[in-house]
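Contents: one structure, followed by commentary.
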Protein chains: 2
Amino acid sequence: MRSQRPYHHGDLRRALVAAALEVIAADGPNAVSLRELARRVGVSHAAPAHHFGDRSGLLTAVAVDGYRLLVDELDRATDLRDLGGRYVSFALTHPAHFQVMFRPELLDRDAPALVAARAETRERLERGIAAREPDDPRLGGLAAWSLAHGLATLLLTGNLPSLEGSDPAELFRAVCTHPLLRPEPER
Amino acid sequence: MRSQRPYHHGDLRRALVAAALEVIAADGPNAVSLRELARRVGVSHAAPAHHFGDRSGLLTAVAVDGYRLLVDELDRATDLRDLGGRYVSFALTHPAHFQVMFRPELLDRDAPALVAARAETRERLERGIAAREPDDPRLGGLAAWSLAHGLATLLLTGNLPSLEGSDPAELFRAVCTHPLLRPEPER
DNA sequence: AGCGCATCTTGACGTTGACAAGATCTGGTG
DNA sequence: CACCAGATCTTGTCAACGTCAAGATGCGCT
């Protein structure tokens, strides 16, 4: 935040990620342009390339950042239902991160930092499931994750306009409890 | 499929949508370039603009196409669980359509054809819910839609590699029945 | 036969991602 | 303290893209 910009920005990498998050939150990930981010931050058009290689490198950094935040959030969960609530809540408080995290074609799929961050997240989810459903965590995990992820995605894509203002965690809890998801009665 | 291309293509609109679907299925929606589609189809670089206006117009046409196909599929459903199964199944057999349908920032949100197609789809979903849960279809619908949509999305984004080959409808049925989603016992 | 309009082409402009080569600064070694 | 190696950033360039404007072509209706 200096009036005269020195030759070295000092914290360019972080600044670019922050700028990218703003753009994504406003207009989605495809609106992200390396050149415009550079302009916003006040560096030359090719400066971002040095830190991220290319566009997908930048978005990968955003995704990694997101996975780290999500892990922090999930670590605070007390039980499985709370875990799901926090998952949905994270998606809505960090929509830019969440979108990028689940758009693999935008990312460097095999970047070590990304696979590590993803593995860490998955471990948290599996741990939450295993605590509740020790016998067959696979199917249970799938059910819980699908429900939370679907709710989050539908909310984020504007498909549930009537629920726009609701508390996401509360919503997940309600949906989770709904009798509809119980096994169908024999007919 | 003629050796000499006449001045008028004859079915350019449909051909462009088909080409777009190929590209999307291969590399995602951002990989769609009007110029490359034109090249594939054998017309000049500005021909697509006449039919779709701009890029988002083309993708909107793809989305509308997708909603129509989805409606056709959902109309075949016998009960609610079948409806969900068909939803997930559609997502995996028409991944290109599905992706675009749920990426609002790529579309002309208010295009009449789009809002009509979307309304028609939503009506099918609500009808399926109301048949099972006549009292409070809102929450039940949310639960079922979230579960189906989440499962579909996780499968499509490669987050469930171990389930890659499975039958989607079968998966939905299993997930739907899983006791995890029953109300938690009092503690 | 001929006209109007939808369809398609050609050409141009500004923007972007990516690459290459050079400028500037920083931290550590002598 | 002098100085160098490498990290950081700039400048210049290229092909590709979306979009617009203006012109060419041919279909179908009268």
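We name chains A, B, ... by the order of the sequence lines, and we start the count at 1 in each one.
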At their closest point, which heavy atom of A:Leu160 faces which heavy atom of B:Trp145, and how far apart are they?
CD2-CZ3, 3.8 Å
Within the supplied structure, the quantity of interest is the number of heavy atoms (other residues, nucleotides, ligands) at a distance under 6.0 Å from A:Arg40 CZ; does it exceed 12?
yes
Euclidean distance, atom NE2 of residue B:His50 to atom C1' of D:dT19 [Å, nearest integer]:
15 Å
Separation of C:dT16 P from B:Arg55 CZ (nearest whole Å)
15 Å
B:Ser33 side chain to B:Arg39 side chain, donor-acceptor N/O pair below 3.5 angstrom
no
Does B:His51 make a side-chain N or O approach to OP1 or OP2 of C:dA6 shorter than 4.0 Å?
no
Evaluate the side-chain contact (heavy atoms from CB on, under 4.5 Å) criterion for residues A:Asp108 and A:Leu114: first the C-alpha distance (whole Å), next the side-chain angles of each, then the deciding distance (0.1 Å), finally the verdict.
CA-CA 8 Å; A:Asp108 295 333; A:Leu114 182 62; 5.9 Å; no
Determine the contact category for B:Arg39: base if any of its heavy atoms lies under 4.0 Å from a base atom, sugar-phosphate if only primed atoms, P, OP1 or OP2 are that close, otherwise nothing.
sugar-phosphate
Please list residues of residues 30-37 of chain B whose heavy atoms come under 4.0 Å from any atom in DNA chain D, ordered by number; otherwise none.
B:Val32, B:Ser33, B:Leu34, B:Arg35
Between A:Arg13 and A:Ala61, the two heavy atoms sitting closest are NH2-CB, 4.1 Å
Round to the nearest Å and state the distance from A:Asp108 atom CG to C:dA18 atom C1'.
14 Å
For the pair A:Asp72 and A:Arg68, evaluate salt bridge (charged side-chain N to carboxylate O under 4.0 Å, His left out) and give the outcome as yes or no after the intermediate values.
CA-CA 6 Å; A:Asp72 287 352; A:Arg68 295 227 182 93; over 6 Å; no
Take atom CZ of A:Phe52 and atom P of C:dG17, then tell me their distance rounded to the nearest Å.
14 Å
Tell me: CG of A:Leu12 to P of C:dT26, nearest whole Å?
15 Å
From C:dT7, C:dT10, D:dC9, nucleotide with atom closest to B:His45 side chain:
C:dT10
Output the single nucleotide from C:dT10, C:dA18, D:dT10 whose closest atom is nearest the side chain of B:Ala46.
C:dT10
